[in-house]
Amino acid sequence: MKRDDIAKTYDPKLVEDSIYKQWEESGFFNPDNLPGTRKKSFTISMPPPNATGILHIGHAVMLAIQDLVIRYQRMQGKKALWLPGTDHAAIATQSKVERLIKEKENKTKHDLGREKFLQRVEEYVEQSRNTIKNQVKKMGSSCDWSRERFTLDADLNKAVNEAFKQMYQDELIYRGHRIINWDPNLQTTVSDDEVEYIEEQSPFYYFKYGPFEIGTSRPETKFGDKYVVMHPDDKRYKDYEHGQKIDLEWINGPITATVIKDKAIDMEFGTGVMTITPWHDAVDFEIAERHNLDKEQIIDFAGKLLPIADEFSGMPIKEARPRIVEKLKAKGLLAKVDKNYRHNIATNTRGGSLIEPQIKEQWFVDVNKKIKKLGGQSIKEKALGVVKNDDIKILPERFEKIYFHWLENLRDWCISRQIWYGHQVPVWYKGDKVEVGDKPTGAGWKQDPDTLDTWFSSGLWTFSTLGWPEKTKDLKTFHPTQLMETGYDIIFFWVARMIIMSTYLVEEIPFETVYLHGLIRDERGRKMSKSLDNIIDPLDTIKDYGADATRLSLLIGSTPGNDMNMSEAKVASYRNFVNKLWNISRYILMKVERPVLVTKSPKPKTLADRWILSELDELTELATKNLEKNNFSLVGEKIYEFTWSKLADWYVEVSKSEDEKDDILLFVLQNLLKLWHPFCPYVTEVIWQKLNTDSLLMIEPWPKVKTKIDKQAIKDFNLIQEIVVAIRNLRTESKLPPSKRLKIVIVSPKHAKLIKSESDIIKNLARLEDLEVSASAKKPAESLSAMVLGAEIYLPVSGMMDIGKEVKRLEKEVSRISEFTLHLEEKLKNQRFLERAPKDIIAAEETKLKDNKAQLAILKKNLKSLK
RNA sequence: GGGCGGUUAGCUCAGUUGGUUAGAGCGCUUGCUCGACACGCAAGAGGUCACUGGUUCAAAUCCAGUAUCGCCCACCA
């Protein structure tokens, strides 16, 4: 091949889109089209990005990891399915469209009405869904677009209705009045997991409440407080009896309070006495339930005070609070104010406004009800069980504990939302009659206006996307899936719910392994945010450095469960690497007579040949083993090292002076491309196509792992490398002109033969004009000699080595190994050890002892010669 | 309040079940236009592996404690 056929630098922009098109048109993203007989399937359900979102670095890392795995499995000959989709993200999408309509037309959703509004949302989603889809493609994602799903598809709606129906029939779903998290802004409930607590400083008031003093940060809720609660063991209040009535003056006049004794009270906090507001506080609600107390609503669902507040009725909380305090102060009921009080306030993670606990009738999933189908277990117990007995493995393992803790403390799950966009609750009413499931025949049925929590439908994702509740071929072939790869931040929202839903509805685990990646932070470890202006946009890095470099920078150096810092410099360094790989290929393609595929393992002719082939074997083995164990970063690092530090730095250099290496160069390159393909698919595919083949690298079989690896070749060549480096070093330090002849005296005759036979390589790599090698037991002469001792090389040139330091090191080593040798000898004399230990262990210890003795002898000899 | 994680080179991080001289990228120093590559090549400097104690022939790695940074869960009126 001529020089001009291949550009000097690799330009990803020129090829990425057309390569993706080629892959897509090949049809091989769809496992049904893959060649050969493939028995095993491997499925990944893609965590669906929000349909209205744009690709961010979190998506990029998830796509990079999943594409890596699915490409590897495809090359391993599996029916590899990566099923993509998008999520309707109910609350986020609805509020976004609401905002847009408000801005453009100054209308609210109520002005439009439910039907018209939903139409607008759908239009918006339709247009925006393509954006994210194209961005997913930019990363090189080899997912099966023919099976793409959207969480609101008709089929998926059917699945949701069926799931709801089954759960309702098993009495897992019930409707009831419970305290829920109400967002007065968005006018909907949110689940416990969506609530985020933010620390805030606000005044803490102490009011006189009859003979007591009560503390509160929320005076506006106190109108209806007629129960005063204290701990039964609190000696300060031992004179008050449970149920005792006390008349007292309160905000809007005299009331009668009732004393309640309850252990939920923290005696240490404040005065140890509090009044309760069961309608607007979860803990108070529980106390009220326990003692069967009255509950009264104080604040309406818009966040305004109700008529019970008398003159404050209709006032928003913010406005009312200072006035109420003012009034109490005027009545002499304000005892004191703590202005430095810090406490946590509840906010909605989807929208950010304050959460007001309210009592409301909602649909719930009972997580504790024992189910016949699950062998008398509750869905919670079942979900715990499958992870406890390792049917599902969570990586990293420490998240299993977190998962258990969350499940064990899980309360009933509120699944109804008062928003319009989403799966509508499949319950139908007509007078007193209630039907669940599909719309009943006949006129006059009205559907429940609420929609379901997004995570209810997302929980079905692994199987609803494969056709459930129909018994489809896909469901049979591809479920359970093998890998669930997602961020650790949604382990509760999503992972746990998929496990619950799947084990209950399909009676299968949804996936075998959960791989949790970390958050991507900026180079200083801060979260990426608009306000810090530290966002790294994967679309930008793809544009500037290529998709391969972007992928590599996200894959290498990231370990499961740990956050990873990302910087543009890192992407740039992998762009450099991709270019290096490109140039190695460029060199090989130019050097060989005919660039073709080499199918048979070539015969090595020289030590360097044996070495590079052995290194390749070792790399293949390591890569395969560790990809199976999901150690992606380690594998990437090792292939990187092989490519740059072994192939490019050594073998390519050797090949410049040795001929007839075409088959080996091509064979190594071709296998290296295969190993790299799951990490950086574009550049590898482009190079592959220059090997005069019509085949796609994407579906090439993964390199076979050799059972026998020539370790001697590796050892021998490493010695040659050491010698070359030592000579180069010698030359740099002593600033010798290149024409100078060098004489090398090998003191240890053990390696003399090897070095002699490889002296040409040494000469070429060290850029010597001439080199003389001789084996001798004599001490080396002055300055320009080198001596080889055992496996180590010492250059007795001034400044090269600190003899004293070296002697110390060797002495330390000698004493360490002698002690170890003694220890081993004793162990091998121990009767009990000999009787009980397995034979191979004993053998291993014996070899160890032998090795140690040999090493000790060499070390002692070295030490002597240095002295 | 409960739980978890980090602390390794100037910076950002690896370190695979304890085992030669603790690694990489970026940055730094010196020298290189040799036909694959300056997005490069060669050589090099730089680390008490947070601290203290313990287990072991052997500890960055295992155990206990301390310091410090961070995360998650619960939530207090």
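Below, chain A is the first sequence line, B the second, and so on; all start at residue 1.
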Less than 4.0 angstrom from a charged side-chain N to a carboxylate O is my criterion; do Glu618(A) and Lys711(A) meet it? yes
Which part of the nucleic acid, if any, lies within contact of Val652(A), taking any heavy atom under 4.0 Å across all strands shown: a base, the sugar-phosphate backbone alone, or nothing? base
Looking only at the side chain of Thr559(A) (C-beta and beyond, no hydrogens), which of the listed nucleotides G15(B), A77(B), C37(B) gets closest? G15(B)
Considering heavy-atom distances to RNA chain B, does Tyr574(A) or Ile584(A) have its closest nucleotide positioned more toward the 5' end? Tyr574(A)
Rounded distance (Å) that lies between atom P of G15(B) and atom CD1 of Ile556(A): 13 Å
All heavy atoms of Arg236(A) vs all of Gly272(A), minimum pair found to be NH2-CA, 4.0 Å
Winner on side-chain proximity to Tyr197(A), out of C75(B), U16(B), C72(B), is C75(B)
Does G40(B) have its OP1 or OP2 closer than 4.0 Å to a side-chain nitrogen or oxygen of Asn576(A)? yes
Determine the interatomic distance between C1' on C11(B) and the same-named atom on G46(B); round to the nearest Å. 13 Å
Rounding to an integer number of angstrom, what distance separates A9(B) and G18(B) when you compare their P atoms? 24 Å
What is the base-pairing partner of A9(B), counting Watson-Crick and G-U wobble geometry with both distances under 3.5 Å? none
Looking only at atom C1', what distance separates A42(B) and U33(B), rounded to whole Å? 14 Å
Under 4.0 Å between any heavy atoms, over every strand shown, what does Tyr10(A) touch: base, sugar-phosphate, or nothing? Just pick one. nothing
Considering only heavy atoms and no angle criterion, is a donor-acceptor pair shorter than 3.5 Å present between the side chain of Lys656(A) and the base of A36(B)? yes
Closest approach to the side chain of Asn562(A), judged atom by atom: which nucleotide of G5(B), C73(B), A77(B) is it? G5(B)
What integer distance in Å separates Arg586(A):CZ from A38(B):C1'? 14 Å
Length of the line joining Lys570(A):NZ and C13(B):P, which is rounded to integer Å: 9 Å
Roughly how far apart, to the nearest Å, are C63(B) and U7(B) at atom P? 14 Å
Taking the side chain of Arg398(A) as heavy atoms from C-beta outward, which of C4(B), A42(B), C72(B) is closest to it? C4(B)
Mind checking if Lys401(A) touches a base, just sugar-phosphate, or nothing, with heavy atoms under 4.0 Å? sugar-phosphate
Which nucleotide in the set C72(B), C39(B), G25(B) lies at the smallest distance from any side-chain heavy atom of Thr9(A)? C39(B)
For C28(B), which nucleotide in any strand shown is its Watson-Crick or wobble partner with both distances under 3.5 Å? G44(B)
Taking the minimum atom-to-atom distance to the side chain of Tyr341(A), which one of A77(B), A36(B), G25(B) wins? A77(B)
Passes ring pair (Phe, Tyr, Trp, His ring centres under 6.0 Å), Trp676(A) versus Phe577(A)? Steps please. CA-CA 12 Å; Trp676(A) 266 132; Phe577(A) 170 76; 5.1 Å; yes
Going by modelled atom types, is there a donor-acceptor pair between the base of A42(B) and the side chain of Glu653(A) at under 3.5 Å? no
Write down the partner of G35(B) under the Watson-Crick or G-U wobble criteria, each distance required to be under 3.5 Å. none
Testing C13(B), A77(B), C37(B) for proximity to the side chain of His343(A), the answer is A77(B)
Given C75(B), C37(B), G25(B), which nucleotide is nearest the side-chain atoms of Arg411(A)? C75(B)
Taking side-chain contact (heavy atoms from CB on, under 4.5 Å) as the criterion, tell me which of Val495(A), Asn562(A), Asp563(A), Ile402(A) meets it with Tyr488(A). Asp563(A)
Determine the interatomic distance between C1' on A14(B) and the same-named atom on C72(B); round to the nearest Å. 25 Å
If I pick the P atom on U66(B) and the same atom on G2(B), what distance separates them, to the nearest angstrom? 13 Å
My understanding is that a pair needs two contacts under 3.5 Å, Watson-Crick or G-U wobble. By that rule, which nucleotide pairs with U66(B)? A50(B)
Trp650(A) atom CH2 is separated from A36(B) atom C1', nearest whole Å, by 18 Å
Is a salt bridge present between Glu628(A) and Lys625(A), judged by a nitrogen-to-oxygen distance below 4.0 Å? no
Between CG of Asn344(A) and C1' of C72(B) the distance, given in whole Å, is 14 Å
Integer-rounded Å distance: C72(B) C1' and His405(A) NE2: 10 Å
Take the protein atom CG of Asp489(A) and the nucleotide atom P of C72(B), then report the distance between them rounded to whole Å. 9 Å
Distance between P atoms of G15(B) and A24(B) (Å, rounded): 15 Å
Counting just side-chain N and O atoms, does Trp644(A) come under 4.0 Å of either OP1 or OP2 of C41(B)? yes
Quick check on RNA chain B: between Asp649(A) and Lys638(A), whose nearest nucleotide comes earlier from the 5' end? Lys638(A)
In whole Å, measure the gap between the P atoms of G53(B) and U61(B) for me. 14 Å
With the side chain defined as heavy atoms from C-beta on, Leu634(A) is closest, among U16(B), A77(B), C41(B), to U16(B)
Do the numbers put Lys336(A) on top of the ring of Phe207(A), so that NZ or CZ is under 6.0 Å from the six-membered ring centre and no more than 45° off the axis? no
Presence of donor-acceptor pair under 3.5 Å, side chain of Lys580(A) and base of C37(B): yes
Considering only G15(B), C39(B), U12(B), which nucleotide approaches the side chain of Arg575(A) most closely? C39(B)
Charged N to carboxylate O below 4.0 Å: is that the case for Arg218(A) and Glu356(A)? yes
Considering every strand and a 4.0 Å limit on heavy-atom distances, what is the contact class for Ala648(A): base, sugar-phosphate, or nothing? base
Nearest-angstrom distance from the residue atom CE of Met267(A) to C1' of G1(B): 16 Å
Please tell me whether Ser645(A) and Tyr640(A) have a donor and an acceptor in their side chains that are separated by less than 3.5 angstrom. no
Return yes if a side-chain donor-acceptor contact under 3.5 Å exists between Asp262(A) and His291(A), otherwise no. yes
Taking any heavy-atom pair under 4.0 Å as a contact, classify Asn409(A): base, sugar-phosphate, or nothing. nothing
